[in-house]
Amino acid sequence: MAARRGAGFRMPDSPGAAPLTAPGIAAPLALPAERNPEERDDAARRRGHTLPEEMEELRRDLLRARMDPSRLSRLSLLAEGEAGHDPGLQEAIEAISLRAKVELAGYSMLSNSYSR
């Protein structure tokens with residue numbers, strides 16, 4: 001199968017070819033299964049530190065009454081990222097991720113009530 005060009009993504013030529021990636025999505029977010037356990041845990045730890053920082057900035061944005069739409073996008077991507085290989089780390093990251101999803105849902109409800 002020939003590769004399709006110019007559409008922002010690449011079709012693999014063979015089963016062993018590089019997997020599809022969407023524009024704007026970093027390969028580490030798109031390909032967690034292909035990394036070794038240490039790399040997955042490192043990515044999960046970085047995510048575990050970044051998620052609360054983004055949630056804190058979201059809180060600050062709400063208090064200032066000015067929202068950065070890119071923050072919501074980042075938070076949404078982070079909420080669905082790597083959970084790691086270590087079971088204890090997975091549990092911690094999933095709890096942080098759940099909190100981020102709750103924050104996103106709350107913001108969605110808040111913004112919907114203002115748009116009515």
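All residue numbers in this chain count up from 1 along the given sequence. These numbers were taken from a predicted model, which means no experiment stands behind them. Because only heavy atoms are used, hydrogens play no part in the values below, and waters and symmetry mates are left out as well, while side chains stay in.
Residues passing the side chain to side chain donor-acceptor pair (under 3.5 Å) test with Arg71 are Glu54, Asp61, sequence neighbours excluded.
A donor and an acceptor atom, one from each side chain of Arg74 and Thr50, are nowhere located under 3.5 Å apart.
The number of heavy atoms from other shown groups lying within 6.0 Å of CZ (Arg66) does not exceed 12. Summarising the local packing, CD of Glu57 is surrounded by more than 12 heavy atoms from other residues, nucleotides or ligands at distances under 6.0 Å.
In the hydrophobic clustering of ILVMFWY residues, with side-chain heavy atoms under 4.5 Å counting as a link, Met67 and Leu78 come out together. Using a 4.5 Å cut-off between side-chain heavy atoms of Ile, Leu, Val, Met, Phe, Trp and Tyr, with links allowed through other members, Leu62 and Leu51 fall into the same hydrophobic cluster.
Paired with Ile93 under the rule side-chain contact (heavy atoms from CB on, under 4.5 Å), one option of Arg47, Arg45, Glu82 passes, and it is Arg47.
The two residues Gly48 and Ile96 come nearest to each other via the heavy atoms O-CD1, 3.9 Å. Listed here is the closest heavy atom pair of Gln90 and Gly84: NE2-O, 2.8 Å.
Distance check: Lys101 NZ to Glu80 CD gives 4.0 Å after rounding to the nearest 0.5 Å. The CZ atom of Arg60 sits 13.0 Å away from atom CE of Met55, with the distance rounded to the nearest 0.5 Å.
A 4.5 Å side-chain heavy-atom check between Arg99 and Val102 finds at least one atom pair inside the cut-off.
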